[in-house]
Amino acid sequence: MSHLDDIPSTPGKFKMEKSPFIHNRLRWHWQSSLAKLSFWSFIFLAVILIFFFRSPSSNPNSQDPSRRSLRTYNWGGPAWEKRVRSSARVRSQNGFSVLVTGAAGFVGTHVSAALKKRGDGVLGLDNFNDYYDPSLKRARQALLERSRVFIVEGDINDSALLRKLFEVVAFTHVMHLAAQAGVRYAMENPGSYVHSNIAGFVSLLEVCKSANPQPAIVWASSSSVYGLNSKVPFSESDRTDQPASLYAATKKAGEEIAHTYNHIYGLSLTGLRFFTVYGPWGRPDMAYFFFTRDILKGKSIPIFEAANHGTVARDFTYIDDIVKGCLAALDTAKKSTGSGGKKKGPAQLRVYNLGNTSPVPVSELVRILERLLKIKVKRNIMKLPRNGDVQFTHANISLAQRELGYKPTTDLQAGLKKFVRWYLRFYSDGKRAVE
C-alpha cells in the first residue's frame, strides 16, 4: 500500500537486397522516407513555434490559454532561497538532490513524496495551471508540504527562474514530469502542447546543459508515441513515426530533442513511456476518474467501440508501480558527461516502457467501478471518435524488467479499490461535495 493512501482527505539501417520484388521494396522505402520527412517537418514547425511561444516577458492579462502559465510569479530573496535549500537538502547517505518539475501533478506528487521518504532532497516546480481543477493541485501541494517538500510556483519556460534554482542548488538529478497532458484537449488548445511539451522541455535542457555539474535527467514520455502502430505488445524498438494526436507528436518530438541534447551536450537522458497511469490523487480528465464522478451522479457512462464493434482496451498501470519505475530510472541513471555546455564524452540515452502488460477493456473498467461503488451503471455504447484516441495500448516491459528491475504488482481490481476509497474520502468528507 502506498504511503499516500492513508493521508487524510485534506530505428535501424535499411539494407537493399537483390530481389525480384526490388521495385516494391524501393516503393516501401520511399513511403517510409516520406513519413519521416513529414515527421521532421513537424519538428521544424515546432521549433519555429517555440520562438513564438517563448517571449522574454510575461503578460498576466493575456487571454491565450497557452500563455496563462507565463503570468508573473513571486520568487527570489533570502527567505525563498532558504526554503529552496532546505527542501533540496539530502538527508540520507549517497542520496540525490532532485528537481521535480510538475510536482503538483498526479505522478509528480507521488514521486516527490517517495523520494523525500527515502531521504533524497526534493524541490518541486509547478505552474498550477487550470487545465483541470487547481484546487486538487493545491491539495497535493499541502500534502507534500507536510513531508517538507517545497514547490516553487513558476513555469519551466522561465529561464531566469530555472537558472536561479541551479545557482541555489547543485541538483544531481532532474525528474521532468511537467507537461500539457491529455489527448483530446489538443483539439481545443494546440498551442499549449507546443508551449509546455516542446518549448518547455527545450528551456529546461538549455539550463541543464549549462549547469556545472550537469544533472542526469529522467523525463516523462508517453505510450501515445506508438500512435497507429498495430504490432502488440508495444516495444521500445517499434516504429513511433505515426502519431495519432498532437499530444503524441509533441512527446515524440521530445524524444528526438532528448537525443539531440544527449549527442551535442553530453546530457544523460532517460525517457519513460507511461501507460495509462491511475490511482489516488489522480487526474480528473482520466476516464476512471470522471467515470467514478458520473456514476455517483447517476449519469450514463460512454463506452467506446472501435470499427466492427472492436474492443477498446488500455494497459492500466497503478501509480505505485509507476513510482517504482521512476525511482529505478533515477537510481540507474549515469552522470552526464558535459560541463558548462561542452560535451566531454558519450552520455547515457535510454527509453523504457512502464506499463502493466495486461490490457483491460474499458467495459471491464466500468464493471469494476460498478461493483466497488455499488451503483448500477447506465451504459451508452458509442463509436470511438477521431479525436486522437487509439483502440488499445499494451506494453512490452521486458527491457525495463531487465535493466531497471521493474515489476508491476497491482492489478486493476486492487488499484481501483484504492482509488475509490480515496475518492470517496476526498470528495465526501463533509468539506467537499461530489461535483
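Keep in mind the model is a prediction, meaning the values are calculated, not measured. Throughout, numbering of the chain's residues begins at 1 and tracks the sequence.
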**Report entry** Atom pair OG/CG of S203 and D158 - distance to nearest 0.5 Å
**Finding:** 7.5 Å
Query raised in the report: Quick one: are L165 and V169 in side-chain contact, heavy atoms under 4.5 Å?
Result: no
Report task. Return the orientation label for the W75 and W80 ring planes: parallel under 30°, perpendicular over 60°, tilted otherwise. Result -> tilted
Report task. Please name the pair of heavy atoms, one in D321 and one in T410, separated by the smallest distance, quoted to 0.1 Å. Result -> OD2-N, 3.3 Å
Query raised in the report: OG1/T101 to CG/L204 distance, rounded to the nearest 0.5 angstrom?
Result: 6.5 Å
**Report entry** Separation of E153 CD from N74 CG (nearest 0.5 Å)
**Finding:** 9.0 Å
Query raised in the report: Salt bridge between R118 and D331, side-chain N to carboxylate O under 4.0 Å?
Result: yes
Query raised in the report: Donor-acceptor pair, H110 side chain versus P280 backbone, under 3.5 Å?
Result: yes
**Report entry** Donor-acceptor contact present, side-chain S147 to main-chain A113, <3.5 Å
**Finding:** no
Requested in this report: Please check if the side chain of K378 supplies one atom and the backbone of G298 the other of a donor-acceptor pair under 3.5 Å.
Outcome: yes
Query raised in the report: Is Y193 reaching over with its side chain to a backbone N or O of A181, donor-acceptor style, under 3.5 angstrom?
Result: yes
Query - R85/E81 ion pair, N-O < 4.0 Å - result: yes
Report task. Kindly say whether the aromatic ring centers of Y185 and Y131 come within a distance under 6.0 Å. Result -> yes
Query - Value rounded to 0.5 Å, distance of CG in L412 from NZ in K417 - result: 13.5 Å
Report task. Any chance you could lay out the side chain to side chain contact (heavy atoms under 4.5 Å, CB included) test for L144 and R140, step after step, and finish with the verdict? Result -> CA-CA 6 Å; L144 289 179; R140 298 186 188 126; 5.8 Å; no
Query raised in the report: Any idea which heavy atoms bring C208 and F166 closest together, and the distance?
Result: SG-CZ, 3.9 Å
Report task. Determine the interplanar angle of the W281 and W422 rings, folded into 0 to 90°, and report it as parallel if under 30°, tilted if 30 to 60°, perpendicular if over 60°. Result -> tilted
Requested in this report: Give a yes or no on whether the backbone of T172 and the side-chain of S97 come within a donor-acceptor separation of less than 3.5 Å.
Outcome: no
Query raised in the report: Within the side chain of S268, is there an N or O that forms a donor-acceptor pair under 3.5 Å with the backbone of K334?
Result: yes
Query - L115 and F96, any side-chain heavy atoms less than 4.5 Å apart - result: no
Report summary line: Residues A395 and N353: closest non-hydrogen pair is CB-CB, 4.4 Å
Query - Nearest heavy-atom neighbours spanning Q214 and S336 - result: OE1-CB, 3.3 Å
Query raised in the report: Atom CZ of R283 and atom OH of Y288: how far apart are they, to the nearest 0.5 Å?
Result: 8.0 Å
Query - Pair E236 + R350, salt bridge at N-O below 4.0 Å - result: no
Query raised in the report: Can you name the closest pair of heavy atoms from G355 and I397 and give their distance?
Result: N-CG2, 3.7 Å
Query - Exam field: side chain T109 to backbone A103, donor-acceptor pair closer than 3.5 Å - result: yes
Query raised in the report: Mind checking whether F419 and Y423 have parallel, tilted or perpendicular rings, split at 30° and 60°?
Result: tilted
Report task. Before accepting this row, confirm whether a basic side-chain N of the pair K116/E145 lies closer than 4.0 Å to the acidic partner's carboxylate O. Result -> no
Query raised in the report: So, N197 and T250: side-chain donor and acceptor under 3.5 Å apart, yes or no?
Result: yes
Query raised in the report: Counting N and O atoms only, with roles assigned by atom type, does the side chain of K343 sit under 3.5 Å from a partner on the main chain of H263, one being a donor and the other an acceptor?
Result: yes
Query raised in the report: Is there a donor in the side chain of S339 and an acceptor in the side chain of N212, or the other way round, less than 3.5 Å apart?
Result: yes
Query raised in the report: Under 4.0 Å between a Lys/Arg side-chain N and an Asp/Glu carboxylate O for E364 and R367?
Result: yes
Query raised in the report: Under 3.5 Å, is there a donor-acceptor pair between the side chain of S112 and the main chain of G108?
Result: yes
**Report entry** Exam field: side chain N262 to backbone L267, donor-acceptor pair closer than 3.5 Å
**Finding:** yes
Requested in this report: Would you mind reporting whether T393 and F234 have side-chain heavy atoms less than 4.5 Å apart?
Outcome: yes
Query raised in the report: Less than 4.5 Å apart, any side-chain heavy atom of V377 and any of L369?
Result: no
Query raised in the report: What's the verdict on side chain to side chain contact (heavy atoms under 4.5 Å, CB included) for E403 and T332, showing C-alpha distance, side-chain angles and the deciding distance?
Result: CA-CA 8 Å; E403 298 188 2; T332 58; over 6 Å; no
Query - Pair M286-Y278, side chain to side chain contact (heavy atoms under 4.5 Å, CB included): steps then yes or no - result: CA-CA 8 Å; M286 298 292 285; Y278 73 100; over 6 Å; no
Query raised in the report: What distance separates T409 OG1 from D411 CG, expressed to the nearest 0.5 Å?
Result: 9.0 Å
Query raised in the report: Would you call E256 and K252 a salt bridge, using N to O less than 4.0 angstrom?
Result: yes
Query raised in the report: Within 45° of the axis and under 6.0 Å from the centre of the six-membered ring of Y226, does NZ or CZ of K231 qualify?
Result: no
**Report entry** Close side-chain approach of L296 and Y427, heavy atoms under 4.5 Å
**Finding:** no
Requested in this report: Please name the pair of heavy atoms, one in F275 and one in T317, separated by the smallest distance, quoted to 0.1 Å.
Outcome: O-OG1, 2.8 Å
Query raised in the report: Hey, mind stepping through H195 and D155 against side chain to side chain contact (heavy atoms under 4.5 Å, CB included) and telling me if it holds?
Result: CA-CA 11 Å; H195 172 77; D155 194 277; 3.9 Å; yes
Query raised in the report: Could R138 and F128 be counted as a cation-pi pair, given that NZ or CZ must be under 6.0 Å from the ring centre and within 45° of the axis?
Result: yes
Query raised in the report: Is the Y265 ring parallel, tilted or perpendicular to the Y261 ring (thresholds 30°, 60°)?
Result: tilted
Query raised in the report: Are side-chain heavy atoms of S223 and D315 found at a separation under 4.5 Å?
Result: no
Query raised in the report: Quick one: are S224 and F274 in side-chain contact, heavy atoms under 4.5 Å?
Result: no
**Report entry** Residues, nucleotides or ligands: over 12 heavy atoms within 6.0 Å of R379 CZ
**Finding:** yes
Query raised in the report: Do N129 and K137 have side chains that get closer than 4.5 Å, going by heavy atoms?
Result: yes
